Enquirer: 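Supplied in structure tokens, the structure appears directly below.
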Amino acid sequence: MDLSTLRHSCSHVLAQAVKELWPEVKLAIGPAIEDGFYYDFDKEGPFSDEDLLAIEEKMRQIIAKNEPFLREELDKAQAIKLFKQLKEDYKVQLIQDLAGQAISIYKTGQAFLDLCRGPHIKSTGEIKVFKLLSVAGAYWHGIETNPMLQRIYGTCFNSQKELDEYLKNLEEAKSRDHRKLGPQLGFFDIYHEQAGAGLVFYHPKGALLRTIIEDYERKEHLKRGYQIVITPHIMDAALWKTSGHYDYYKENMYTFATEGKEFVLKPMNCPGHILIYKSKTRSYKDLPIRLFELGTVYRREKAGVLHGLLRVRGFTQDDAHVFCLPEQLPDEIKKIIDFVFETMKVFGFNQWGVELSTRPEKYIGSEEDWQKATEALENALKDKGIPYEINQGDGAFYGPKIDIKLKDALKRTWQCATIQCDFALPKRFDLVYIDTDGKEKQPIMLHRVLLGSLERFIGALIEHYKGELPLWLSPCQVLLIPLKETVISYAQTVKSKLEDNNIRVELDTRNETLNKKIREAELNKIPYCLIIGEREAKQEQVSVRKKGSGQRLWQEEAKPRPAGQQGAVALDKFIEELTNRIKEHK
RNA sequence: GCUGGAGUAGCUCAGUUGGCAGAGCACGUCCUUGGUAAGGACGGGGUCACGAGUUCAAUUCUCGUCUCCAGCUCCA
């Protein structure tokens, strides 16, 4: 059975049930969506949890009656008249907006009819398992100034098993929530009330993780001919007026006046890099110039959109601007695309979706430039044989862009990398280089981020790995657990030896039992524990326990060694093995 | 910003139909010196988000503010 048809029909049953319980409610729309369906209602007062149960009960009755879905066609005038009689104002509006004269409606039994293009299942009895999930507000037609309707979300499947799996998946996603895991693992926290919403505090472990990511990025950028720059956090508002951001995003910028001047807390890094470009006369021989900055920016996002690390008010982008000659453009774009994919793979993401976003309604620059820029991006994707979707009208106001969304272990997508082609800002800022003929020409500018915002990316990492970061990213790679005080000095030797080999190590000398320390190490997702007792000290060994020991395996089996327990090895051998794994980004 | 739900110890949560505020974990002290997922005893810890109002009395009721959560809208 086609799920989207089934779900669409189920949304009709939902609407029918609601109309039976609250005849005065007006219907809006009720489509199938990716994981289920919803229906929007105009009702005085909210639907409560009890209401949802009552609606589910009513739906079950309708399904039990096995009423057929019947299609009828009316002409437009008839349809409008019919829905006016039913006082379904939203449906009347929908019909008025429909092109063509033939309007199809679906009747379910005698009791219920709805404007609908179909298709539907034959009868309500075909719905086997369904569940209403939640209620939320939603604007009519999704437009902010329209009335707010009540949306009921639900889902249905062909079998109970599939529904259970879906619900289990929801739970699984919940257990990976970075907002929960992040603070729990000591990565970060947000002090909403004391410091402000959307402002992230990295605790030591998270700051270490971020430093590891940053170090990796700096190294890779230098390798690829980027130059690292650092620009101020506040700049004269005039710069943002020139760039055009002031007009488009003033509401979302933190501004303040001092010494008779207006300043802006930078919401993006472009103008800073542009000033550096403009600081001297550039020759065609200098291009491409690639400026990279781990640039921290602030944007006054509306209160309701903030979400953990994914949507914050202060964040750091791995931002770069490439200034190049027109003939260098295709190659530069391709290099960036390669850089993006290579970086994602290193961090353990192997699936992604690519979108090309074209000119929006509000834009700056000429149509001709837009076309050139869009073609350049599209050709790069085509040449590399990368499948992509077109996202009509979703580009930035100054240029089209390629968005690369990575997919995590649960197949959820995360917006990270973006490559934007820009003819507009070079014009506005009057950027030039001296060409072979000694004349001034305008360079093309590419904006790009790989990971996007480090905050969001760290959120994605946490959820992708369920907090169990790969060895090379783990803030603490090895925990040393000495069994008693007499072996602490040997443990300290082990610690400095590991540190000499650039292994991040902690020594746990607290007065707690071995079991407790191991339990905590597991909960803290530390990749390796080294247990150090008399035996190890005597033979320059360490007893290795790898994370994820197969929890309490030993209780069920006869007496095998738990999976994580690797036994004793010579310290040098352990160091060698670990160093190799770290080098390979495992 | 909009609709709805919520805010009690560092964390997870009980509880009070308006009358001195509770547990487990965490934390501190002491005992315990251990071989692969929680050793034991005792102890400290709260403006019940914030501000007004009603009341003899408000953590509890009312209003406002802040913040979080589920969505909507937005995301240079």
Side-chain angles (χ1 to χ4, degrees), chain A residues 38 40 43 45-49 133-153 177 179-180 183-184 189-194 196-198 240 243-249 251-253 266-270 297 299-308 310-312 317 360 362 394-399 401 415 418 420 422 425 447 453 456 481-487 511-523 529-536 543-555 561-568:
Chain A
Y38 68 79
D40 285 346
K43 169 176 176 289
F47 289 107
S48 65
D49 289 351
L133 298 168
S134 59
V135 191
Y139 301 110
W140 168 236
H141 276 332
I143 294 169
E144 235 175 323
T145 46
N146 279 349
M148 172 78 56
L149 308 170
Q150 311 266 350
R151 175 172 297 178
I152 297 180
Y153 284 94
D177 195 327
R179 291 169 299 180
K180 190 101 185 157
Q184 232 169 50
D189 213 336
I190 297 175
Y191 304 104
H192 305 101
E193 312 217 358
Q194 300 146 76
W240 310 100
S243 76
H245 290 98
Y246 195 90
D247 293 336
Y248 279 77
Y249 294 106
E251 294 303 301
N252 293 320
M253 296 184 354
K266 75 172 166 183
M268 52 188 339
N269 303 298
C270 339
V297 297
R299 300 179 182 176
R300 215 217 75 99
E301 305 286 2
K302 288 184 195 170
V305 308
L306 301 174
H307 183 95
L310 305 187
R311 208 54 195 282
V312 290
Q317 298 174 302
K362 280 171 88 180
D394 208 35
F397 73 87
Y398 50 72
K401 60 179 181 175
Q415 168 63 54
T418 173
Q420 307 176 349
D422 182 3
L425 287 190
H447 308 241
S453 124
R456 175 180 300 178
I481 307 179
L483 274 173
K484 47 167 89 173
E485 276 177 26
T486 52
V487 292
N511 178 18
E512 297 290 352
T513 57
L514 172 64
N515 279 350
K516 183 159 185 169
K517 289 180 183 182
I518 285 178
R519 177 183 152 80
E520 285 179 13
E522 288 283 341
L523 293 176
C529 287
L530 300 184
I531 287 83
I532 294 169
E534 302 278 3
R535 293 203 293 264
E536 288 78 10
S543 201
V544 181
R545 185 197 160 92
K546 204 171 163 182
K547 197 207 158 304
S549 66
Q551 199 167 9
R552 290 174 192 168
L553 256 183
W554 42 274
Q555 279 187 345
R561 165 190 293 169
Q565 212 174 317
Q566 310 286 303

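It should be emphasised that the depicted structure is a prediction, and the values quoted were computed from it without experimental measurement. Labels below follow one simple rule: chain letters A, B, ... track the order of the sequence lines, proteins then strands, and each chain is numbered from 1.
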Enquirer: A:S48 near the nucleic acid: base, sugar-phosphate alone, or nothing, with a heavy-atom cut-off under 4.0 Å?
Expert: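 Touches nothing.
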Enquirer: From the list B:U12, B:G35, B:U3, which nucleotide is the closest neighbour of the side chain of A:K180?
Expert: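 Selected nucleotide (nearest to the side chain): B:U12.
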Enquirer: Looking at every heavy atom in both A:M148 and A:A138, which two are closest together, and how far apart are they?
Expert: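 A:M148 and A:A138 have their closest heavy atoms at SD-N, 3.1 Å.
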Enquirer: Please give the distance between the C1' atoms of B:A14 and B:U60 as a whole number of Å.
Expert: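 One C1' to the other, the span is 15 Å.
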Enquirer: In whole Å, measure the gap between the C1' atoms of B:U29 and B:G45 for me.
Expert: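 About 15 Å, rounded to a whole number of Å.
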Enquirer: What is the separation between atom CG on A:L149 and atom P on B:G4, rounded to the nearest whole Å?
Expert: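 One finds 13 Å between P of B:G4 and CG of A:L149, rounded.
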Enquirer: Please report the distance separating the C1' of B:A38 from the corresponding atom of B:A58, rounded so that it comes out in whole Å.
Expert: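 Nearest-Å result for B:A38 against B:A58 at atom C1': 40 Å.
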Enquirer: Base, sugar-phosphate or nothing for A:Q317? Non-hydrogen atoms, less than 4.0 Å.
Expert: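 A:Q317: no heavy atom of the nucleic acid under 4.0 Å.
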Enquirer: In this structure, how many angstroms lie between the C1' atom of B:C2 and the CH2 atom of A:W140, rounded?
Expert: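 Those two atoms, CH2 and C1', are 17 Å apart.
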Enquirer: Would you measure the distance from the C1' atom in B:G1 across to the matching atom in B:U73 and give it in whole Å?
Expert: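 It comes out at 8 Å once rounded to the nearest Å.
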Enquirer: Sugar-phosphate means primed atoms, P, OP1 and OP2; the rest is base. With that split, encode nucleotides 66-76 of chain B 5' to 3' as B, S or - using protein heavy atoms under 4.0 Å.
Expert: BSSSSBBBBBB
Enquirer: If you round to the nearest 0.5 Å, how far is NZ of A:K516 from CG of A:N511?
Expert: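 So the CG of A:N511 and the NZ of A:K516 are separated by 10.5 Å.
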Enquirer: Decide yes or no for A:C270 and A:L425: does some side-chain heavy atom of the first lie under 4.5 Å from some side-chain heavy atom of the second?
Expert: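 A side-chain contact under 4.5 Å exists here.
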Enquirer: Give me, pair by pair, the N or O atoms of the protein and of nucleotides 39-44 of chain B that are less than 3.5 Å apart, along with how far apart they are.
Expert:
residue	atom	partner	partner atom	Å
B:G39	OP1	A:T513	OG1	3.4
B:G39	OP2	A:T513	OG1	2.8

Enquirer: Measure CD/A:Q194 against C1'/B:U47 and give the value in whole Å, please.
Expert: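 Atom CD in A:Q194 sits about 14 Å away from atom C1' in B:U47.
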Enquirer: Please walk me through it: do A:R299 and A:Y249 pass side-chain contact (heavy atoms from CB on, under 4.5 Å)?
Expert: CA-CA 9 Å; A:R299 300 179 182 176; A:Y249 294 106; over 6 Å; no
Enquirer: Report the distance from atom CD of A:E520 to atom C1' of B:C11, rounded to the nearest whole Å.
Expert: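 So the two atoms are 14 Å apart, to the nearest Å.
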Enquirer: Taking all atoms of both residues into account, what is the closest heavy-atom pair of A:F397 and A:K362, and its distance?
Expert: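 Here A:F397 and A:K362 meet closest at CB-O, 3.6 Å.
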Enquirer: Whole Å only: how far is the CD1 atom of A:I152 from the C1' atom of B:G4?
Expert: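 From A:I152 CD1 to B:G4 C1': 12 Å.
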Enquirer: Please work out whether the ring planes of A:H245 and A:W240 are parallel, tilted or perpendicular, with thresholds of 30° and 60°.
Expert: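 Ring orientation of A:H245 relative to A:W240: perpendicular.
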Enquirer: Distance from A:I481 atom CD1 to A:T513 atom OG1, nearest 0.5 Å?
Expert: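 Rounded to the nearest 0.5 Å, the CD1-OG1 separation comes to 9.5 Å.
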Enquirer: Please determine whether a side-chain nitrogen of the Lys or Arg among A:R519 and A:E512 lies less than 4.0 Å from a carboxylate oxygen of the Asp or Glu.
Expert: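 The answer is no: the pair does not qualify as a salt bridge.
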Enquirer: Would you compute the distance between atom CD1 of A:I531 and atom CZ of A:R545 and round it to the nearest 0.5 angstrom?
Expert: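 Going from the CD1 atom of A:I531 to the CZ atom of A:R545 covers 7.0 Å.
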Enquirer: Looking only at heavy atoms, what is the nearest atom pair of A:Y139 and A:E144, with distance?
Expert: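 That would be CE2-O, 3.4 Å.
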Enquirer: Please state the P separation for the pair B:U47 and B:C31 - nearest whole angstrom.
Expert: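 One P to the other, the span is 33 Å.
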Enquirer: Give the minimum heavy-atom separation between A:V312 and A:G198, together with the two atoms involved.
Expert: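 So the two residues come closest at CB-O, 3.3 Å.
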Enquirer: Between the protein and nucleotides 63-65 of chain B, which nitrogen or oxygen pairs come in under 3.5 angstrom?
Expert:
none

Enquirer: Under 4.0 Å, heavy atoms only, any strand: does A:E251 hit a base, just the sugar-phosphate, or nothing?
Expert: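 No contact.
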Enquirer: Rounded to the Å, how far apart are A:Y38 OH and B:U3 C1'?
Expert: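 Going from A:Y38 (OH) to B:U3 (C1'), I get 15 Å.
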